[in-house]
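Letters A, B, ... mirror the listed sequences (proteins, then strands); counts begin at 1.
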Number of protein chains: 2
Amino acid sequence: MNKYISDIYNSLQEIAWHFGSHGVNGECCGDLSFVEYMALKKVYEKNELSVQEIGNALNFTKSGATRIIDRLEDKGYAVREHSLTDGRVCCIAITDKGKEAIKEISQKYTTYLEDALKEVSPLKINEIKDILEILLRAVQQKEAI
Amino acid sequence: MNKYISDIYNSLQEIAWHFGSHGVNGECCGDLSFVEYMALKKVYEKNELSVQEIGNALNFTKSGATRIIDRLEDKGYAVREHSLTDGRVCCIAITDKGKEAIKEISQKYTTYLEDALKEVSPLKINEIKDILEILLRAVQQKEAI
DNA sequence: TTATTATAGTTGATGACGTCAACCAATTCA
DNA sequence: TGAATTGGTTGACGTCATCAACTATAATAA
């Protein structure tokens, strides 16, 4: 086995901590928690997701997903609409306020990263991007199995 | 601004989710939660940490840290010892069972990663390791400010 | 030395959160 | 049409981290 794998694992875990729910100090942006933000981002990327699809995407039970959507809806970031083809399913849609929030948070983190990486050469930045995409594909592929 | 930064941000966030508390399904290994594991890992890496040092390292309040140590102690992974130089501080030490658990979890994730990256060339693996270290240093440096 | 202040850690009350099981409603299948 | 399935919601519950108040030890000042 490649001896670097465990180094990779360690770095990855530390980085995950930084960008996860605790690293960002429990709140992402105003009144959005990290999980709420992740759910909203899913809706943003792929509009009209059902409750369960969100739950599956984020490893929550369907009742957990219901609760997350509840909060998102209470705060005005998303709305539930009924599917036209199947009366049981809810299509979750993002509101304008929700889109705003996503953009704002995205901007915030990007600025943060930009600053953190200001000493790194553009070439290296490009390399980081490629490497992370390889890594992400690798774990997502494994997830899918 | 480098246009790849936001790609990096996106990948990073997805990866963080995978390796964070939700990705690993709420439990790391047996009865350890992700935060408990992170705390234990800190103690493992740098023995004899105080309660507050653990709290600071992981972005918890001191009472939050107390509770985490409580759980770790209840489960037999760590012990509280009194500092010889200052009667107020607790030195948290890892037990043999704790060391075992850390090794086991480490092994588990390493195996997972090894499998996820089995199609990636050794050269690329090496590159991944370097890149992640650059990234980690960058965010840790920023944290320190 | 004694009184005051600061610091490390713990604890009770609390609120946020996700799960489970039971449930309702819409749909599909027989 | 009736039974089974599926999507979603809800009440009860357990876990968890925080806040504020508190104890105990240490450091500082008088």
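When the nearest nucleotides of DNA chain C are assigned to A/Leu84 and A/Phe60 by heavy-atom distance, the more 5′-ward of the two goes with A/Phe60. Between A/Lys62 and A/Val35, the residue anchored nearer the 5' end of DNA chain C, judged by the nucleotide with its closest heavy atom, is A/Val35.
Between the side chain of A/Arg67 and the base of D/dG11 there is at least one donor-acceptor pair of N/O atoms closer than 3.5 Å.
Using a 4.0 Å heavy-atom distance criterion, A/Asp86 is classed as a sugar-phosphate-only contact. Here A/Ser50 lies in heavy-atom contact (under 4.0 Å) with sugar-phosphate atoms only. Within the 4.0 angstrom heavy-atom criterion, no nucleotide atom of any strand lies near A/Glu53. In this structure, B/Ser63 reaches the bases: a heavy-atom distance under 4.0 Å links it to at least one base atom across the strands shown.
In this structure, of D/dT18, C/dC17, C/dC20, it is C/dC20 that holds the atom nearest to the side chain of A/Thr61. Among the nucleotides C/dA8, D/dA17, D/dT9, the one closest to the side chain of A/His22 is D/dA17. Among D/dT9, C/dT19, D/dG7, the nucleotide with an atom closest to any side-chain atom of A/Val89 is D/dG7. Side chain of A/Thr66, nearest nucleotide from D/dT9, D/dC16, C/dC17: D/dT9. Minimum atom distance to the side chain of A/Ile68 is reached by C/dG18, of the listed C/dG18, D/dC19, D/dA17. In this structure, the nucleotide among D/dT25, D/dT18, C/dC17 sitting nearest to the side chain of B/Arg88 is D/dT25.
At D/dT15, none of the side-chain N or O atoms of B/Arg71 fall inside 4.0 Å of OP1 or OP2 (strictly under the cut-off).
Salt bridge present: A/Glu14 and B/Lys42 bring a charged side-chain N and a carboxylate O closer than 4.0 Å. Salt bridge absent: B/Glu53 and B/Lys46 never bring a charged side-chain N and a carboxylate O closer than 4.0 Å. Electrostatic pairing of A/Asp74 and A/Arg71 does not count as a salt bridge here, judged by no charged N lying under 4.0 Å from a carboxylate O. Salt-bridge check for A/Glu100 with A/Lys97: failed, with every basic side-chain N at 4.0 Å or more from each acidic carboxylate O.
The two residues A/Ala93 and A/Val43 make their nearest non-hydrogen contact at C-CG1, 3.9 Å.
In this structure, CZ of A/Phe34 is placed 17 Å from C1' of C/dG18, rounded to the nearest angstrom.
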